[in-house]
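As C-alpha coordinates, the structure follows; a few thoughts come after it.
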Amino acid sequence: MEKKTDEKLTKRENTLQVIKFVIFSVSAGVIQTISFTIVNELTSWPYTPCYLIALTLSVLWNFTLNREFTFKSANNVPVAMVKVAAFYCVFTPASTWWGAALTDAGWNEYVVLLLTMAVNLTTEFLYDRFFVFRGTMNTNRRALKAAEKADMNVSSDIDDEII
(Lines give C-alpha, C1' and ligand atoms only; values in the text may rest on other atoms or scores of the structure.)
Protein backbone atom coordinates (compact mmCIF):
# COMPACT_ATOMS: atom_id res chain seq x y z
CA MET A 1 0.00 0.00 0.00
CA GLU A 2 1.26 3.47 -0.87
CA LYS A 3 1.93 5.76 2.05
CA LYS A 4 -0.36 8.78 2.24
CA THR A 5 1.47 12.05 2.83
CA ASP A 6 0.33 15.54 3.71
CA GLU A 7 0.20 16.54 0.03
CA LYS A 8 -3.00 14.51 -0.30
CA LEU A 9 -4.84 15.75 2.79
CA THR A 10 -8.45 16.75 2.32
CA LYS A 11 -10.06 19.81 3.88
CA ARG A 12 -11.71 17.49 6.41
CA GLU A 13 -8.36 15.87 7.30
CA ASN A 14 -6.73 19.28 7.77
CA THR A 15 -9.62 20.40 9.98
CA LEU A 16 -9.36 17.23 12.07
CA GLN A 17 -5.62 17.86 12.47
CA VAL A 18 -6.25 21.33 13.86
CA ILE A 19 -8.95 20.04 16.21
CA LYS A 20 -6.74 17.20 17.50
CA PHE A 21 -3.77 19.54 17.90
CA VAL A 22 -5.87 21.98 19.92
CA ILE A 23 -7.28 19.19 22.13
CA PHE A 24 -3.83 17.73 22.82
CA SER A 25 -2.40 21.21 23.34
CA VAL A 26 -5.12 21.95 25.87
CA SER A 27 -4.17 18.77 27.74
CA ALA A 28 -0.52 19.87 27.58
CA GLY A 29 -1.64 23.28 28.80
CA VAL A 30 -3.30 21.66 31.79
CA ILE A 31 -0.05 19.85 32.57
CA GLN A 32 1.88 23.10 32.13
CA THR A 33 -0.51 25.08 34.31
CA ILE A 34 -0.61 22.50 37.09
CA SER A 35 3.16 22.01 37.14
CA PHE A 36 3.73 25.79 36.96
CA THR A 37 1.30 26.32 39.83
CA ILE A 38 2.92 23.63 41.97
CA VAL A 39 6.43 25.01 41.49
CA ASN A 40 5.30 28.65 41.71
CA GLU A 41 3.27 28.15 44.89
CA LEU A 42 5.61 25.75 46.70
CA THR A 43 8.84 27.65 46.06
CA SER A 44 9.94 31.23 46.16
CA TRP A 45 11.50 30.91 42.72
CA PRO A 46 10.98 33.67 40.16
CA TYR A 47 8.85 33.19 37.06
CA THR A 48 11.60 31.85 34.79
CA PRO A 49 12.47 28.50 36.46
CA CYS A 50 8.80 27.80 37.20
CA TYR A 51 7.96 28.44 33.56
CA LEU A 52 10.86 26.38 32.15
CA ILE A 53 10.00 23.29 34.22
CA ALA A 54 6.34 23.51 33.25
CA LEU A 55 7.15 24.15 29.58
CA THR A 56 9.46 21.12 29.38
CA LEU A 57 6.80 18.77 30.78
CA SER A 58 4.19 20.23 28.44
CA VAL A 59 6.38 19.92 25.33
CA LEU A 60 7.19 16.26 25.98
CA TRP A 61 3.51 15.41 26.44
CA ASN A 62 2.37 17.41 23.42
CA PHE A 63 5.06 16.06 21.08
CA THR A 64 4.29 12.45 21.97
CA LEU A 65 0.53 12.73 21.45
CA ASN A 66 0.62 14.90 18.34
CA ARG A 67 3.23 12.77 16.59
CA GLU A 68 1.16 9.63 17.08
CA PHE A 69 -2.43 10.85 16.78
CA THR A 70 -2.56 14.25 15.05
CA PHE A 71 0.13 13.93 12.40
CA LYS A 72 0.28 10.10 12.48
CA SER A 73 3.93 10.27 11.58
CA ALA A 74 6.34 7.35 11.31
CA ASN A 75 9.32 9.63 10.88
CA ASN A 76 12.51 9.22 12.85
CA VAL A 77 11.66 10.24 16.44
CA PRO A 78 15.11 11.65 17.31
CA VAL A 79 15.11 13.76 14.12
CA ALA A 80 11.61 15.05 14.85
CA MET A 81 12.59 15.81 18.45
CA VAL A 82 15.65 17.75 17.28
CA LYS A 83 13.41 19.80 14.97
CA VAL A 84 11.01 20.52 17.85
CA ALA A 85 13.98 21.35 20.08
CA ALA A 86 15.12 23.86 17.44
CA PHE A 87 11.69 25.54 17.67
CA TYR A 88 12.06 25.77 21.42
CA CYS A 89 15.61 27.14 21.10
CA VAL A 90 13.89 30.23 19.68
CA PHE A 91 10.54 30.15 21.47
CA THR A 92 11.84 29.48 24.98
CA PRO A 93 14.23 32.43 25.27
CA ALA A 94 11.71 34.75 23.63
CA SER A 95 8.80 33.62 25.81
CA THR A 96 10.97 33.56 28.94
CA TRP A 97 12.11 37.11 28.22
CA TRP A 98 8.63 38.50 27.60
CA GLY A 99 7.21 36.49 30.51
CA ALA A 100 9.76 37.86 32.92
CA ALA A 101 9.42 41.37 31.50
CA LEU A 102 5.64 41.35 31.79
CA THR A 103 5.56 39.85 35.29
CA ASP A 104 8.26 42.29 36.44
CA ALA A 105 6.04 45.07 35.05
CA GLY A 106 3.23 43.90 37.31
CA TRP A 107 1.25 41.58 35.04
CA ASN A 108 -0.27 38.55 36.74
CA GLU A 109 1.94 35.51 36.11
CA TYR A 110 -1.07 33.35 35.23
CA VAL A 111 -2.31 35.81 32.60
CA VAL A 112 1.20 35.89 31.11
CA LEU A 113 1.33 32.10 31.14
CA LEU A 114 -2.04 31.76 29.35
CA LEU A 115 -1.14 34.34 26.69
CA THR A 116 2.23 32.64 26.14
CA MET A 117 0.50 29.27 25.82
CA ALA A 118 -1.83 30.70 23.14
CA VAL A 119 1.15 31.99 21.14
CA ASN A 120 2.87 28.63 21.59
CA LEU A 121 -0.17 26.68 20.36
CA THR A 122 -0.47 28.69 17.16
CA THR A 123 3.18 28.88 16.23
CA GLU A 124 3.98 25.28 17.12
CA PHE A 125 1.08 23.90 15.07
CA LEU A 126 2.33 25.74 11.99
CA TYR A 127 5.92 24.69 12.64
CA ASP A 128 5.01 21.04 13.22
CA ARG A 129 2.61 20.87 10.28
CA PHE A 130 4.85 22.50 7.71
CA PHE A 131 8.32 21.56 8.95
CA VAL A 132 8.60 18.78 11.53
CA PHE A 133 6.06 16.36 10.06
CA ARG A 134 5.96 17.61 6.47
CA GLY A 135 5.99 14.68 4.06
CA THR A 136 5.60 12.11 6.85
CA MET A 137 2.02 12.62 7.93
CA ASN A 138 -0.29 9.62 7.88
CA THR A 139 2.62 7.19 7.61
CA ASN A 140 2.46 5.39 10.96
CA ARG A 141 0.76 2.03 11.49
CA ARG A 142 -2.41 3.62 12.79
CA ALA A 143 -2.81 5.74 9.63
CA LEU A 144 -1.91 2.92 7.24
CA LYS A 145 -4.40 0.60 8.93
CA ALA A 146 -7.15 3.23 8.67
CA ALA A 147 -6.30 3.84 4.99
CA GLU A 148 -6.39 0.11 4.30
CA LYS A 149 -9.78 -0.17 6.00
CA ALA A 150 -11.09 2.78 3.97
CA ASP A 151 -9.81 1.18 0.76
CA MET A 152 -11.55 -2.07 1.67
CA ASN A 153 -14.83 -0.18 2.26
CA VAL A 154 -14.53 1.55 -1.12
CA SER A 155 -13.81 -1.79 -2.82
CA SER A 156 -16.85 -3.31 -1.10
CA ASP A 157 -19.06 -0.42 -2.28
CA ILE A 158 -17.84 -0.85 -5.85
CA ASP A 159 -18.51 -4.61 -5.71
CA ASP A 160 -22.05 -3.92 -4.47
CA GLU A 161 -22.68 -1.53 -7.39
CA ILE A 162 -21.47 -4.10 -9.93
CA ILE A 163 -23.80 -6.79 -8.60
Side-chain angles (χ1 to χ4, degrees), residues 3-7 9 12-144 146:
K3 289 185 179 180
K4 185 176 183 187
T5 65
D6 53 311
E7 289 139 35
L9 291 182
R12 181 179 184 277
E13 289 170 321
N14 278 309
T15 301
L16 285 173
Q17 258 190 356
V18 170
I19 291 168
K20 286 178 186 179
F21 193 87
V22 168
I23 289 168
F24 292 137
S25 293
V26 167
S27 71
V30 169
I31 288 169
Q32 185 171 349
T33 302
I34 290 170
S35 57
F36 178 86
T37 301
I38 290 169
V39 177
N40 189 51
E41 298 300 325
L42 296 180
T43 70
S44 58
W45 296 349
Y47 177 86
T48 300
C50 300
Y51 171 70
L52 291 175
I53 291 166
L55 179 65
T56 301
L57 295 173
S58 169
V59 169
L60 291 172
W61 174 265
N62 207 27
F63 172 82
T64 302
L65 291 177
N66 280 310
R67 181 183 169 276
E68 179 66 26
F69 298 103
T70 302
F71 300 108
K72 300 176 188 171
S73 177
N75 70 345
N76 186 311
V77 174
V79 170
M81 288 183 96
V82 166
K83 289 178 179 180
V84 170
F87 172 84
Y88 282 98
C89 283
V90 175
F91 183 81
T92 302
S95 61
T96 302
W97 172 79
W98 79 60
L102 292 173
T103 56
D104 288 348
W107 286 45
N108 179 281
E109 58 267 359
Y110 295 102
V111 170
V112 173
L113 180 66
L114 289 174
L115 291 172
T116 301
M117 289 166 58
V119 171
N120 188 6
L121 178 129
T122 306
T123 56
E124 188 177 1
F125 174 79
L126 295 171
Y127 184 83
D128 286 354
R129 169 68 174 84
F130 296 108
F131 181 67
V132 176
F133 299 112
R134 182 179 185 188
T136 67
M137 289 186 283
N138 294 321
T139 58
N140 70 7
R141 276 186 249 157
R142 178 183 316 284
L144 295 176

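Everything quoted here is computed from the prediction, not taken from an experiment. Start at 1 with the first residue, then count along the sequence. Computation of the quantities below employed the complete heavy-atom set of this structure, encompassing side-chain atoms and omitting hydrogens, waters and symmetry-equivalent molecules.
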Roughly how far, to the nearest 0.5 Å, is the [atom2] atom of [Y] from the [atom1] atom of [X]?
X: L55; Y: C50; atom1: CG; atom2: SG; value: 12.5 Å
X: T56; Y: I31; atom1: OG1; atom2: CD1; value: 12.5 Å
X: T33; Y: I38; atom1: OG1; atom2: CD1; value: 11.0 Å
X: L65; Y: L60; atom1: CG; atom2: CG; value: 11.0 Å

(message) Could you report the tightest heavy-atom contact between N66 and K20, atom names first, then the distance?
(response)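 Looks like OD1-O, 4.2 Å.
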(request) Locate the shortest heavy-atom distance separating S73 from N75; write the atom from each residue and the value. (result)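 Taking S73 first and N75 second, the nearest heavy atoms are OG-OD1, 2.9 Å.
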Contacts under 3.5 angstrom, residues 41-49 side chains, donor-acceptor by atom type, not counting sequence neighbours:
from: E41; atom 1: OE2; to: Y110; atom 2: OH; distance (Å): 2.9
from: T43; atom 1: OG1; to: V39; atom 2: O; distance (Å): 2.6
from: T43; atom 1: OG1; to: W45; atom 2: N; distance (Å): 3.2

Between [Y] and [X], is there a side-chain heavy-atom distance shorter than 4.5 Å?
X: Q17; Y: M137; value: yes
X: Q32; Y: L57; value: no
X: V132; Y: F71; value: no
X: N138; Y: L9; value: yes
X: R129; Y: V18; value: no

(message) Is the ring pair F69/F24 parallel, tilted or perpendicular, if the boundaries are 30 and 60 degrees?
(response)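 Judged by the thresholds at 30° and 60°, the geometry between F69 and F24 is tilted.
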Let me check something: any side-chain donor-acceptor pairs from residues 77-103 under 3.5 Å, sequence neighbours excluded? List them with distances.
from: Y88; atom 1: OH; to: N120; atom 2: OD1; distance (Å): 3.0
from: Y88; atom 1: OH; to: N120; atom 2: ND2; distance (Å): 3.2
from: Y88; atom 1: OH; to: E124; atom 2: OE1; distance (Å): 2.6
from: T92; atom 1: OG1; to: Y88; atom 2: O; distance (Å): 2.8
from: S95; atom 1: OG; to: Y51; atom 2: OH; distance (Å): 2.6
from: S95; atom 1: OG; to: F91; atom 2: O; distance (Å): 2.8
from: S95; atom 1: OG; to: T92; atom 2: O; distance (Å): 3.3
from: T96; atom 1: OG1; to: T92; atom 2: O; distance (Å): 2.6
from: W98; atom 1: NE1; to: T116; atom 2: OG1; distance (Å): 2.9
from: T103; atom 1: OG1; to: G99; atom 2: O; distance (Å): 2.9
from: T103; atom 1: OG1; to: A100; atom 2: O; distance (Å): 3.2

(message) Considering only residues two or more places apart or on different chains, which pairs with a residue in residues 61-70 satisfy salt bridge (Lys or Arg N to Asp or Glu O under 4.0 Å)?
(response)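 Checked against salt bridge (Lys or Arg N to Asp or Glu O under 4.0 Å) - neighbours excluded - the pairs reaching residues 61-70 are E68-R142.
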